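Here is the structure we will look at.
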Number of protein chains: 2
Amino acid sequence: MPKIGAEPIRKAALINATIFEVGRTGSLDVTVAQIARRAGMSPALAHHYFGSKEKIFLSAMRYILRTYGRSVAERLPGHGRRGRLDAIVRASFAPQNFQRETVSAWINFYALALINPEAGRLLRVYHRRLRSNLVLALRPLAADPVRVAETVGALIDGVYLRAVLTPGGIDAVTAEKLIFDYLDEVLQ
Amino acid sequence: MPKIGAEPIRKAALINATIFEVGRTGSLDVTVAQIARRAGMSPALAHHYFGSKEKIFLSAMRYILRTYGRSVAERLPGHGRRGRLDAIVRASFAPQNFQRETVSAWINFYALALINPEAGRLLRVYHRRLRSNLVLALRPLAADPVRVAETVGALIDGVYLRAVLTPGGIDAVTAEKLIFDYLDEVLQ
DNA sequence: TATCGTTAATTGATCAACCAATCAAGAACA
DNA sequence: TGTTCTTGATTGGTTGATCAATTAACGATA
């Protein structure tokens, strides 16, 4: 069934399969063959479209970060004094970003960022954007918005880290509550 | 120069080399040959003493956790009302636990815990111990010691995660301050 | 003390498995 | 006909693990 215009469909399928496989196995040690099979094609086709395994990983990472960024953006014009802040935190624990596979992939991409300069760059961009979003939201609420933003950022990552380790799956509600409790306490 | 009693020395050298190499490369994708060479012996000898690469990793992980646990314990009989609490936080950012290689290895062992049941078990033991230490220290200080303990635990992990990503090395003082600022705020 | 068998330490060589990447060639559409 | 899509086959390289063989310390014995 070789129709024209397969490239974006194939690429999307490969990215999805990558996140799923990395998340499922909990490791970056997935083979191109594994990813390709999950995406319903041959390993050679995966190389054809992406060129290398590294580029597949980076695209998957970009996709995760973009998805997260978009889910923040579409919640952003929040209402009320804490609207913006709530939107950011809620986005972090929305189902699409807080599924077991996604979070597991997230952690492994974090590890990738230690060795791959481009992955590190992507992660730092995400950090900067999250930080500036948080600072903006916190300016009318906190005496020291920068410090609170740093704390919330670290807290979110820490909660993510611990969430995947709990054997009985992830509880988004509890995770979210931890952040909100902190915010309630620190903002008067 | 085969002398008798080499086993503990060789094992210790291999564990050190493992942490160093995993930390240096920022990945669990280090070969047994790499580790063995760094420890000054042949790959065959590493297998002779540990049996498998997996067991080398697990021993290295145990060593990191034990070192951390000990550095908490020896600071523990802290003075003053916040003595115990300060001790735990300070231990987390003491040089031996907060060196770039150690933290980098730490993150990779976190990823290992996603796929290796024994590694997961080790990490959960560490979490439980840290939690109970924190709860004990927080009981006379906080209205809800369990919640604050969870928050501090997640915060420490989050700060670790972010620390290795900063290109210009790690700043223990800033990291420590973030935790103490949170505690100052939440404990009246 | 000299000798010798036992045990621990150590490694070079090797194997079987796995894998990322390449390429040539076939198949379907425009 | 030419372009896109697709894959089977192959290759070059890597690696965890094994094993036989060697070297050196130890301990007992004569």
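Predicted model only: the values in this text are computed from it and were never measured. In what follows, every heavy atom counts, from backbone to side chain, and hydrogens, waters and symmetry copies are set aside. Here is the naming used below: chain letters follow the sequence lines, and residue numbers restart at 1 for every chain.
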For the side chain of [X], starting at C-beta, report the closest nucleotide among [options].
| X | options | answer |
| --- | --- | --- |
| A:M41 | D:dT7, D:dC5, D:dA17 | D:dT7 |
| B:H48 | C:dA21, C:dT10, D:dC5 | C:dT10 |
| B:R10 | C:dA21, C:dT10, D:dA17 | C:dT10 |
| A:H47 | C:dT11, C:dA20, D:dG16 | C:dA20 |
| B:K53 | C:dA21, C:dG12, D:dA17 | D:dA17 |

Rounded off to whole Å, could you give me the [atom1]-to-[atom2] distance for the [X] and [N] pair?
| X | N | atom1 | atom2 | result |
| --- | --- | --- | --- | --- |
| A:F50 | D:dC5 | CZ | C1' | 16 Å |
| A:K11 | D:dC5 | NZ | C1' | 14 Å |
| B:E7 | C:dA8 | CD | C1' | 10 Å |
| B:E54 | D:dA17 | CD | P | 9 Å |
| B:L45 | D:dT23 | CG | P | 17 Å |
| A:I9 | D:dT6 | CD1 | C1' | 15 Å |
| B:F57 | D:dG16 | CZ | P | 8 Å |
| A:Q34 | C:dC18 | CD | C1' | 12 Å |

### Query
Can you tell me how far the CG atom of A:L183 sits from the CG atom of A:L155, to the nearest 0.5 Å?
8.5 Å
### Task
Please round to the nearest 0.5 Å and tell me the distance separating atom CZ of B:R10 and atom CD1 of B:I15.
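Output value for this atom pair is 14.0 Å.
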### Task
For A:T31, report the nucleic acid contact type (base, sugar-phosphate, nothing); a contact means any heavy atom under 4.0 Å.
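Here A:T31 touches the backbone only, sparing every base.
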### Task
Scan A:Y49 against the nucleic acid and name what it touches under 4.0 Å (heavy atoms): base, sugar-phosphate only, or nothing.
sugar-phosphate
### Query
Parallel, tilted or perpendicular: which describes the rings of A:F109 and A:F57, with under 30° parallel and over 60° perpendicular?
perpendicular
### Query
In terms of the angle between their ring planes, are B:F98 and B:F93 parallel, tilted or perpendicular, with boundaries placed at 30° and 60°?
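Answer is perpendicular, since the angle exceeds 60°.
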### Query
Centroid-to-centroid, A:W106 to A:Y126, below 6.0 Å?
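Yes; A:Y126 has its ring centre under 6.0 Å from that of A:W106.
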